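Being a predicted model, the structure only gives us computed values, none of them experimental.
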Number of protein chains: 2
Amino acid sequence: MSKRTKSMPEPADVAETPRRAADRIRDTAFDLFYREGIRAIGVEEIVNRAGVTKPSLYRAFESKDELIAEYLRDYDRRFRDNFAAQGAGHPDDPKAQLLAYVDYLAVRASTEGYRGCGLTNAVIEYPDPAHPAHQVGVESKQALRERLREMCHAMGAADADELADGLLLLIEGSYVSGQAFGERSPARVLGAMARRLIEASLASR
Amino acid sequence: MSKRTKSMPEPADVAETPRRAADRIRDTAFDLFYREGIRAIGVEEIVNRAGVTKPSLYRAFESKDELIAEYLRDYDRRFRDNFAAQGAGHPDDPKAQLLAYVDYLAVRASTEGYRGCGLTNAVIEYPDPAHPAHQVGVESKQALRERLREMCHAMGAADADELADGLLLLIEGSYVSGQAFGERSPARVLGAMARRLIEASLASR
DNA sequence: CAGAGTACGTACCGATCGGTAACATTGTCA
DNA sequence: TGACAATGTTACCGATCGGTACGTACTCTG
């Protein structure tokens with residue numbers, strides 16, 4: 001890792017600490033919005049912690065609401081990636097893929113300081129359907145529901161849509177319960193419960 | 001319904017529109033906090049809608065945080081009452097009591113404009129464990145978990161604690177999903193899923 | 001080396017936040 | 001009638017909110 005020359009900056013070699021103000025803002029906002037809540041964090045705190053200034057924020061983002069929407073779209077992207085990554089070890093086996101994610105979530109939602117799903121939290125923080133935060137959150141949840149339906153159908157469940165909704169309830173329940181119970185979260189039984197619902201659906205085929 | 005005499009005011013006969021400023025504030029705060037979110041509502045808006053003034057609020061409540069805690073304690077009280085009321089038709093039948101609440105919730109969480117559980121929402125809005133709103137919310141959830149465990153044990157479930165947590169996940173999932181999906185909420189399958197988990201637990205006895 | 005364009009900071013805006021001091025008004029009781 | 005408690009009125013506090021006008025430093029290009 002040698003110091004790069006001034007005359008030839010390569011984008012890749014400064015990836016550790018983003019040099020662009022917009023990137024630092026994005027990263028800082030992601031962290032603060034997720035951990036502390038969106039309404040709880042003002043733009044002042046974001047720019048302070050990012051080591052930049054307010055005008056830099058408003059040059060890169062139209063408004064705080066737009067920054068929030070950006071954060072949530074980013075969160076959604078990471079979620080989809082992670083959801084896919086957890087099941088990557090089981091190609092063409094939707095049931096195993098689903099259980100892999102569920103088992104992952106059961107652990108993650110039972111760690112101290114867990115803060116749930118950023119998208120779910122956003123929908124709750126912004127109940128107004130007209131607010132971008134609400135909209136992005138809802139769209140992501142609809143996509144997840146659809147994905148679960150596809151998987152349940154693919155695994156040959158008798159009542160795929162119903163099973164998918166049941167699993168969605170368990171998953172969302174794990175998101176929020178993790179925040180209230182910490183290490184002893186009810187989310188620890190998520191895997192067992194998901195298996196019971198799935199088995200019941202596959203048995204009654 | 002005759003007009004009461006001035007000399008003998010009865011507490012019960014003015015219940016419709018509370019005359020005391022503190023009561024009006026309490027009722028208005030309950031409504032606004034629940035529907036719009038706690039952080040979204042300022043004390044100014046509360047007193048305006050309640051038709052009172054700010055000093056009246058601060059004569060009755062120490063601070064906004066204390067008013068929030070009061071709101072949540074009130075919410076918890078109503079929740080317990082309602083939870084008991086739904087099962088009141090089935091004395092000495094914990095399974096039927098639980099299913100009665102679950103069936104009630106499935107309908108309520110699938111109505112347009114549903115705003116979930118005020119306590120769950122508060123825990124999400126105030127992730128800081130030191131904040132009274134977080135604490136009251138968590139305490140209420142712990143009590144619910146304990147209640148579910150008792151009921152699952154009483155109905156003779158093989159793994160009562162595990163089943164209780166599974167049902168808690170379904171219930172909490174219904175609270176939050178109702179806000180994202182409205183009428184077509186996954187919460188509509190809550191009853192069917194709860195029954196499957198319960199039957200599985202009772203069968204393996 | 002000049003000049004353009006980009007990236008950023010200093011300082012400030014009006015509005016609203018939670019909260020309070022001082023005083024006037026009302027209705028209820030003795 | 002007169003005391004008391006409850007409420008309203010008005011005006012204000014410092015802090016923070018989201019947002020912006022304007023000046024400055026750097027870098028790339030001619």
What pairs of donor and acceptor atoms, side-chain ones from residues 84-95 of chain A against any protein atom, are under 3.5 angstrom apart with sequence neighbours left out?
| from | atom 1 | to | atom 2 | distance (Å) |
| --- | --- | --- | --- | --- |
| A/Asp93 | OD1 | A/Ala96 | N | 3.2 |
| A/Lys95 | NZ | A/Glu199 | OE2 | 3.0 |

- Taking only residues two or more places apart in sequence, or in another chain, which ones meet A/Glu150 in a side chain to side chain contact (heavy atoms under 4.5 Å, CB included)? A/Glu146, A/Arg147
- How many Å lie between CG on B/Leu57 and P on C/dG19, as a whole number? 9 Å
- Under the ring pair (Phe, Tyr, Trp, His ring centres under 6.0 Å) rule, collect the residues that match up with B/His134, sequence neighbours excluded. none
- Is B/Arg80 positioned over the aromatic face of B/Tyr75, cation under 6.0 angstrom from the ring centre and no more than 45 degrees off axis? no
- Note on the structure: Separation of D/dC17 atom P from A/Leu67 atom CG, nearest Å, is 14 Å
- Query: For B/Phe33, what residues pass the ring pair (Phe, Tyr, Trp, His ring centres under 6.0 Å) criterion, not counting sequence neighbours?
  - Reply: B/Tyr71
- Task: Could you state the atom-to-atom distance from CZ of B/Phe61 to P of D/dA6 in whole Å?
- Result: 14 Å
- Rounded distance in Å - CD (B/Glu62) to P (C/dG18): 16 Å
- Task: Using whole Å, report how far CD of A/Glu66 lies from P of D/dG19.
- Result: 11 Å
- Task: May I ask you to list the residues of residues 33-42 of chain B, by number, that have any heavy atom positioned under 4.0 Å from an atom of DNA chain D?
- Result: none
- Task: Would you mind reading off the distance between A/Asn48 atom CG and D/dT16 atom P, rounded to a whole angstrom?
- Result: 11 Å
- Measure the distance from CD1 on A/Ile68 to C1' on D/dC17 and round it to the nearest whole Å. 13 Å
- Message: I need the minimum non-hydrogen distance between B/Cys117 and B/Tyr175, along with the two atoms involved.
- Response: CB-CD1, 3.6 Å
- Message: Here's one to test your reading of the geometry: is the NZ or CZ of A/Arg78 within 45 degrees of the ring axis of A/Phe30 and under 6.0 Å from its centre?
- Response: yes
- Query: So, is A/Tyr58 near the phosphate of D/dT20, with a side-chain N or O under 4.0 Å from OP1 or OP2?
  - Reply: no
- Item | Salt-bridge present (B/Arg115, B/Glu36; N to O < 4.0 Å) | no
- Message: Return a single string for nucleotides 5-15 of chain C, one symbol per nucleotide in 5' to 3' order, where B is base contact, S is sugar-phosphate-only contact and - is none, cutoff 4.0 angstrom on heavy atoms.
- Response: --SBBB-----
- Query: Atom CD1 of A/Ile46 to atom P of D/dT16: distance rounded to whole Å?
  - Reply: 16 Å
- Query: Can you check whether A/Arg39's main-chain N or O pairs, donor with acceptor, with B/Arg39's side chain at less than 3.5 Å?
  - Reply: no
